[in-house]
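Everything numeric in this text was worked out from a predicted model, so none of it was measured. Keep in mind that the numbers below use all heavy atoms, side chains included, and drop hydrogens, waters and symmetry copies.
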Amino acid sequence: METPRAMSILVLRLFTMLLCAASVPLMITNSFQLSGGEKTKYSDVKGYKYVVAAAGIGFLYSLIQLPFAMYYAFTGKRVFHGRFLGLLDFYVDKALSFFLASGVGVGFGVSSELKRYVNGFVDTIETTGIDTFEELRTKSQKFFDRGNLATTPLLAGFTTMAVLTIITSFSRK
């Protein structure tokens, strides 16, 4: 006894969970090492740690909500019948949506700003006649591009969560 709304909630929760899960390993494996031995990894950039935290919390919340969405999709009945629990679910979905959005903003913002900063630094050093920093430029650009790549599934996860909050807002009285 499924309804289109219940099935869409289930699918959106599942997509949100999978997209948040996809963002974490992409970010965690993001690192580079210069020929001198200096290694930079995602955890050296606090903004990237925030992206991982946002994706991890989004994954865990979606994982917790998934059985309830499955029950609703397959039976057509909600597990939570009280007004308080229904409102709590609705507002937590909203808060998580904004949290994921902040993770997306941090991920793209940090990548863009640090990429520009490193390029400016390398350009300044090269004007002094030292040209050994080209390796830093190319490897850091790949690092920040991969940071953007790891943030992209989080953007899609935020989008599915935002659509989910719109759909669940129609069922509130």
side-chain contact (heavy atoms from CB on, under 4.5 Å) between Met27 and Thr151, intermediate numbers included: CA-CA 8 Å; Met27 188 63 81; Thr151 305; 4.0 Å; yes

side-chain hydrogen bond (donor to acceptor under 3.5 Å, both in side chains) evaluation trace for Ser97 with Thr165: CA-CA 8 Å; Ser97 179; Thr165 61; 4.9 Å; no

Worked verdict on Asn119 versus Arg116 for side-chain contact (heavy atoms from CB on, under 4.5 Å): CA-CA 5 Å; Asn119 283 336; Arg116 206 170 44 152; 5.8 Å; no

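In this structure a side-chain-to-backbone donor-acceptor pair under 3.5 Å is missing from Ser111 to Phe108. The closest donor-acceptor contact from the side chain of Ser62 to the backbone of Phe59 lies at 3.5 Å or more, if one exists at all. Side-chain N or O atoms of Ser23 include none that pairs as donor or acceptor with a backbone N or O of Cys20 at under 3.5 Å. The main-chain N or O of Tyr72 is never found under 3.5 Å from a side-chain atom of Lys77 such that the two would form a donor-acceptor pair. Put simply, the side chain of Asp93 never gets that close to the backbone of Phe90: no donor and acceptor are under 3.5 Å apart. Checked by atom type and distance alone, the side chain of Glu135 pairs as donor or acceptor with a backbone atom of Ser35 at under 3.5 Å.
Annotation: the span from Gln141 atom CD to Leu136 atom CG amounts to 9.5 Å, rounded to 0.5 Å. To the nearest 0.5 angstrom, Asn148 atom CG is 11.0 Å from Leu155 atom CG. Rounding to the nearest 0.5 angstrom, the gap separating the CG atom in Leu26 from the OH atom in Tyr42 is 13.0 Å. Taken to the nearest 0.5 Å, the CG atom of Leu164 stands 9.5 Å off from the CG atom of Leu96. Summarising the geometry, atom CZ belonging to Phe143 is positioned 4.5 Å from atom CG belonging to Asn30; distances are rounded to the nearest 0.5 Å. Distance check, rounded to the nearest 0.5 Å: CE of Met70 to CD of Gln65 gives 13.5 Å.
Nearest approach of Val110 to Gly47, heavy atoms of both residues: CG2-CA, 3.9 Å. Considering all non-hydrogen atoms of both residues, Ala21 and Pro25 come closest at O-CD, 2.8 Å. In this structure, Ala53 and Phe99 approach most closely via the heavy-atom pair O-CE2, 4.2 Å. Taking each heavy atom of Thr160 and Thr16 in turn, the nearest pair found is OG1-OG1, 2.6 Å.
Met161 is not listed as a side-chain neighbour of Phe15, based on a closest heavy-atom distance of 4.5 Å or more. At least one side-chain heavy atom of Tyr48 sits under 4.5 Å from a side-chain heavy atom of Phe144. Between Leu154 and Leu19 the shortest side-chain heavy-atom distance does not fall below 4.5 Å.
Neither Ile57 nor Phe98 shares a network with the other; the hydrophobic side chains, linked directly or stepwise wherever heavy atoms of I, L, V, M, F, W or Y lie under 4.5 Å apart, form separate groups for each. Note on Leu149 and Phe158: separate hydrophobic clusters, where clusters join Ile, Leu, Val, Met, Phe, Trp and Tyr whose side-chain heavy atoms are under 4.5 Å apart, directly or indirectly. No single ILVMFWY cluster, assembled from side-chain heavy atoms under 4.5 Å apart, contains both Val11 and Leu66.
Asp145 has a carboxylate O that lies under 4.0 Å from a charged side-chain N of Lys115, or vice versa, which qualifies the two as a salt bridge.
Side chains of Arg146 and Ser31: no donor on one and acceptor on the other come within 3.5 Å. Counted by atom type alone, Tyr50 and Ser102 present one or more donor-acceptor pairs between their side chains at under 3.5 Å.
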